[in-house]
Amino acid sequence: MNWGMQNRMSRIFQPHDGRTTMLAVDHGYFLGPTSGLEDMKTSIDPLVQYADCLMVTRGALRCSISPDHNVPVMLRVSGGSSVLKDLSDEEIYNSLEDAIRINATGVAVSIFIGSANERQTVTNLTKMINEGERYGIPVLAVTAVGKDMVRDERYFSLCSRMAAELGARIVKTYYCDGFADLIKKVPVPVVVAGGKKIPEKDALQLAYNCVSDGAAGVDMGRNIFQSECPSAMIQAVRHIIHDNATVDKAWEMFNTLKSEMAKK
Ligand code: R5P
């Protein structure tokens, strides 16, 4: 790995433990004004200090996130279809040149394995990998779930291993039964998406299960920014990822921070 690539990976994954707490706030690229992200300047900018890396679109960065934050940016560069259409019909919408201008630490591309647009999305990924490798910029492959796909270890292993074989430096996928087996088959760091909002303690349990089974961290969105106390939630998730806290300890931290904030 060249120095630039290694340096960028070390910004995303903390060198002392190889883990990351990524905050995913890129949902607007297909969902528009997602609940919790309507006013990102107010809701997200204050959370950035607790994130190891921010997964975001260039528009949200420009409008809502202060450039004074020293946070590594994982820039979403694939998209094109709204939630009203076939989400797998994606292209690369953000050039690597613009990603470099933004000072992105990495770029994220979705692949939809098993969908009618499988080849198109895999080509999006490999084109971006070819460019990213030239400039030492890691590409994160998001294994978006193709229509009618069974969300099991076999499917997520297929998508994740393909992404790694094609050159993705990081894979983002979903947690599933048998996740530890998936980790054994994927030779690059794997981060896990949080998915739909679930009760806070369940989301902490999910983060705990992910790292216990070998994930290099989470790339969590809705379970943080739609939490009743997003700042407490991201800090509690961090506690699990970086301090190996138990779910009970992280839950205690969440409740303590939440009541302290309620007093302010
Ligand atoms: C997928 O790539 C989306 O854009 C989000 O980044 C992803 O779903 C992670 O967010 P959440 O934890 O809300 O699922």
Side-chain angles (χ1 to χ4, degrees), residues 12 20-38 40 43-44 47-48 50-61 65 71-83 87-94 104-113 115 117 121 124-125 128 139-147 149 151 156 159-160 163 168 170-176 190-200 202-211 215-227 230 233-234 236-238 240-241:
I12 298 164
T20 189
T21 306
M22 291 176 68
L23 176 61
V25 293
D26 59 323
H27 306 57
Y29 88 94
F30 69 99
L31 279 175
T34 313
S35 170
L37 298 180
E38 296 91 341
M40 293 175 68
S43 60
I44 301 305
L47 302 182
V48 171
Y50 304 115
D52 292 317
C53 184
L54 187 66
M55 179 148 161
V56 67
T57 62
R58 64 178 165 190
L61 268 183
I65 309 294
V71 68
V73 166
M74 180 60 68
L75 193 70
R76 152 125 344 236
V77 297
S78 71
S81 280
S82 76
V83 71
L87 280 180
S88 69
D89 192 11
E90 286 199 341
E91 301 277 349
I92 297 296
Y93 73 81
N94 195 129
T105 304
V107 293
V109 177
S110 291
I111 53 172
F112 291 76
I113 302 304
S115 79
N117 292 309
T121 60
N124 291 339
L125 175 69
M128 201 39 81
V139 176
L140 176 152
V142 179
T143 69
V145 183
K147 261 190 187 159
M149 292 298 117
R151 300 167 69 104
F156 290 128
C159 307
S160 302
I170 308 162
V171 169
K172 169 175 167 174
T173 192
Y174 290 88
Y175 190 76
C176 55
V190 175
V191 294
V192 181
K196 284 188 184 151
K197 174 77 176 69
I198 51 178
E200 273 81 356
D202 293 348
L204 294 173
Q205 183 71 57
L206 172 69
Y208 182 86
N209 293 347
C210 292
V211 288
V218 292
D219 186 12
M220 196 174 261
R222 288 162 287 181
N223 278 293
I224 290 174
F225 62 73
Q226 292 176 352
S227 163
M233 189 60 186
I234 191 170
V237 171
R238 270 196 84 85
I240 289 172
I241 304 294

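For ligands, and for the atoms within them, numbers begin at 1 and follow the listed sequence.
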Looking only at heavy atoms, the pair that brings Tyr174 and Thr143 closest together is CE1-O, 3.8 Å
With sequence neighbours left out, the residues meeting side chain to side chain contact (heavy atoms under 4.5 Å, CB included) with Leu47 are Leu23, Ile44, Ile224, Pro230, Ser231, Ile234
Q) So, Tyr29 side chain and Ser78 main chain: donor-acceptor pair closer than 3.5 Å or not? A) no
Applying side chain to side chain contact (heavy atoms under 4.5 Å, CB included) to Ala216 and not counting sequence neighbours gives Phe13, Pro189
Please give the N or O to N or O pairs under 3.5 Å between ligand 1 and the protein, distances rounded to 0.1 Å.
{"unit_1": "ligand 1", "atom_1": "2 (O)", "unit_2": "Arg76", "atom_2": "NH2", "d": "2.8"}
{"unit_1": "ligand 1", "atom_1": "4 (O)", "unit_2": "Asp26", "atom_2": "OD1", "d": "3.0"}
{"unit_1": "ligand 1", "atom_1": "4 (O)", "unit_2": "Asp26", "atom_2": "OD2", "d": "2.7"}
{"unit_1": "ligand 1", "atom_1": "6 (O)", "unit_2": "Asp26", "atom_2": "OD1", "d": "2.5"}
{"unit_1": "ligand 1", "atom_1": "6 (O)", "unit_2": "Asp26", "atom_2": "OD2", "d": "3.4"}
{"unit_1": "ligand 1", "atom_1": "6 (O)", "unit_2": "Lys172", "atom_2": "NZ", "d": "2.8"}
{"unit_1": "ligand 1", "atom_1": "10 (O)", "unit_2": "His27", "atom_2": "NE2", "d": "3.1"}
{"unit_1": "ligand 1", "atom_1": "12 (O)", "unit_2": "Gly194", "atom_2": "N", "d": "2.9"}
{"unit_1": "ligand 1", "atom_1": "12 (O)", "unit_2": "Gly195", "atom_2": "N", "d": "3.3"}
{"unit_1": "ligand 1", "atom_1": "12 (O)", "unit_2": "Gly221", "atom_2": "N", "d": "2.8"}
{"unit_1": "ligand 1", "atom_1": "13 (O)", "unit_2": "His27", "atom_2": "NE2", "d": "2.8"}
{"unit_1": "ligand 1", "atom_1": "13 (O)", "unit_2": "Arg222", "atom_2": "N", "d": "2.8"}
{"unit_1": "ligand 1", "atom_1": "13 (O)", "unit_2": "Arg222", "atom_2": "NE", "d": "2.7"}
{"unit_1": "ligand 1", "atom_1": "14 (O)", "unit_2": "Gly195", "atom_2": "N", "d": "2.8"}
{"unit_1": "ligand 1", "atom_1": "14 (O)", "unit_2": "Arg222", "atom_2": "NH2", "d": "2.9"}

What one should report as the nearest heavy-atom pair of Phe225 and Ser35 is CE1-O, 3.3 Å
Sorted by chain and number, sequence neighbours left out, salt bridge (charged side-chain N to carboxylate O under 4.0 Å, His left out) with Arg222 holds for none
